[in-house]
Asks: 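Pasting in a structure now, in C-alpha cells, and then I'll have a few things to ask.
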There are 2 protein chains.
Amino acid sequence: MSEAQDVLFRTLADPTRRALFERLCREGERTVGALTERAGVSQPVVSKHLGLLKQAGLVRDRHQGRHTYYSAQLGALAPLVDWTSEMAGFWQSRFDDLEDLLKRMDQ
Amino acid sequence: MSEAQDVLFRTLADPTRRALFERLCREGERTVGALTERAGVSQPVVSKHLGLLKQAGLVRDRHQGRHTYYSAQLGALAPLVDWTSEMAGFWQSRFDDLEDLLKRMDQ
DNA sequence: TCGATCCATAGCCAATCAGGTATGGATACG
DNA sequence: CGTATCCATACCTGATTGGCTATGGATCGA
C-alpha cells in the first residue's frame, strides 16, 4: 500500500500519458510544442498530462525563454521495479515452501 | 502502445485490485470469501475486481463445490517488466550516445 | 512597441468506473 | 427436501477524469 507505487501506477495507467513518457525516454528532452505534435491531443491536454507526470516525479521541466523543456526521470520507476520484485519474491518463497513440504513428505 | 502493457497498467492502477493481487502473491490460493475479509469492500465488489484481474491474466480461478479459489499468475507481469526494461534501455542508449559524443568531442 | 508564438490555467462536458444493494444459481448440510 | 452458505451478475449512483475551447501571461522577433 505504498503511496509511491500508487502514484506511479495511477499516472502510467493513462495511454496518452504513458506515450508522452515513452517519447521522453526515447527521444530525450523535448518542448511542449514538440510533444504536442503527434500526441493526438490538444496542447492544453499535453500540458496537463506533463503536469501530472511531473507531480509523479516521472519527468522534470526546465524553462528557457518561451519554451518549457521536459525530460524523463527514469529513477522514478524504481518503486515500480521494487514492487514487481517483491511480488516475484513472495511467489518464489511460496514455491520454496512447497519444495520444502514436498521434500519433507518424501522422507 | 502494446495492448498487454495497457491492460496491466490499467488493471493494477486500482488500489483495491492491486491489494487483492498482492494478497494472492503473498498468501497463495484463496477463496472469494477469504479475500473479502479485510478487503474493506463488499463481496460483489471483490468478485468484480477478481474478474478484471482474471481478464488481465493476473489471476486464475478454480472451482470446487461452492467455492472459487483464485491464485496469482506471476508470469502475467512480464510485459510490465519488459516495459520498464525498455524504458531503461532507451535511457541507457541515449546515455551511450552522449558518451560517444563526448568521446568524439574529446579527440 | 506591436504582433506572434509558447505554454499554463480555468471552466465545461461526456464517459468511465469503483462502490453499493438486490438477487439468483449452485452446492453443502441437517 | 429445506435451509444456509458461497459466489456471480444486474443495476444504480456518485465521483473521478480525460478531452475540449477559451483565455491570459510571458517571451521573442520585426
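By convention in this document, chain letters (A, B, ...) are assigned in the order of the sequence lines, proteins followed by strands, and residues within each chain are numbered from 1.
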Asks: Please confirm whether the shortest side-chain N or O distance from A:Y70 to OP1 or OP2 of C:dA8 is below 4.0 Å.
Replies: yes

Asks: Counting just side-chain N and O atoms, does A:H63 come under 4.0 Å of either OP1 or OP2 of D:dA26?
Replies: no

Asks: Send over the distance from A:E37 CD to C:dT5 P, rounded to a whole Å.
Replies: 14 Å

Asks: To the nearest Å, give me how far apart CZ (A:F9) and C1' (D:dT16) are.
Replies: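 Nearest whole value for this atom pair: 20 Å.
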
Asks: Please give, in whole Å, the distance from C:dC6 P to A:R66 CZ?
Replies: 6 Å

Asks: Can you check whether A:S42 has a side-chain N or O nearer than 4.0 Å to OP1 or OP2 of D:dG19?
Replies: no

Asks: So, does B:T16 get its side chain near the phosphate of C:dG19, meaning an N or O under 4.0 Å from OP1 or OP2?
Replies: yes

Asks: State whether a side-chain donor-acceptor pair under 3.5 Å links A:H63 with A:T68.
Replies: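 There is such a pair (donor and acceptor under 3.5 Å, judged by atom type) between the side chains of A:H63 and A:T68.
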
Asks: Between C1' on C:dC13 and NZ on A:K48, what's the gap in Å once rounded to a whole number?
Replies: 11 Å

Asks: I need the CD-P distance between A:Q43 and D:dA26, as an integer number of Å.
Replies: 16 Å

Asks: With the threshold set at 4.0 Å, does a side-chain nitrogen-carboxylate oxygen contact exist between A:D6 and B:R18?
Replies: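 Yes, charged N to carboxylate O under 4.0 Å.
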
Asks: Would you say C:dT27 has OP1 or OP2 under 4.0 Å from some side-chain N or O of B:H67?
Replies: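 False: B:H67 side-chain N/O out of range (4.0 Å or more) of C:dT27 OP1/OP2.
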
Asks: When the distance from CG of A:L50 to P of C:dT9 is rounded to whole Å, what number comes out?
Replies: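 The answer, rounded to whole Å, is 11 Å.
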
Asks: Mind checking if A:Y69 touches a base, just sugar-phosphate, or nothing, with heavy atoms under 4.0 Å?
Replies: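 The residue A:Y69 makes no contact with any strand.
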
Asks: Just call it for A:V41: base, sugar-phosphate, or nothing, with non-hydrogen atoms closer than 4.0 Å on any strand.
Replies: sugar-phosphate

Asks: What is the distance from CG of B:L53 to P of D:dA8, rounded to the nearest Å?
Replies: 12 Å

Asks: With a 4.0 Å limit, can you tell me whether A:T68 has a side-chain N or O closer than that to the phosphate oxygens OP1/OP2 of C:dC6?
Replies: no

Asks: What is the distance from CD of A:Q55 to C1' of C:dA8, rounded to the nearest Å?
Replies: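 Rounding to the nearest Å, CD of A:Q55 and C1' of C:dA8 are 14 Å apart.
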
Asks: Any base atoms under 4.0 Å from A:V45, or only sugar-phosphate, or nothing? Heavy atoms, all strands.
Replies: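 Base contact.
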
Asks: Relative to each other, are the rings of B:W83 and B:F9 parallel, tilted or perpendicular (30° and 60° limits)?
Replies: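 Ring orientation, 0 to 90° scale: perpendicular.
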
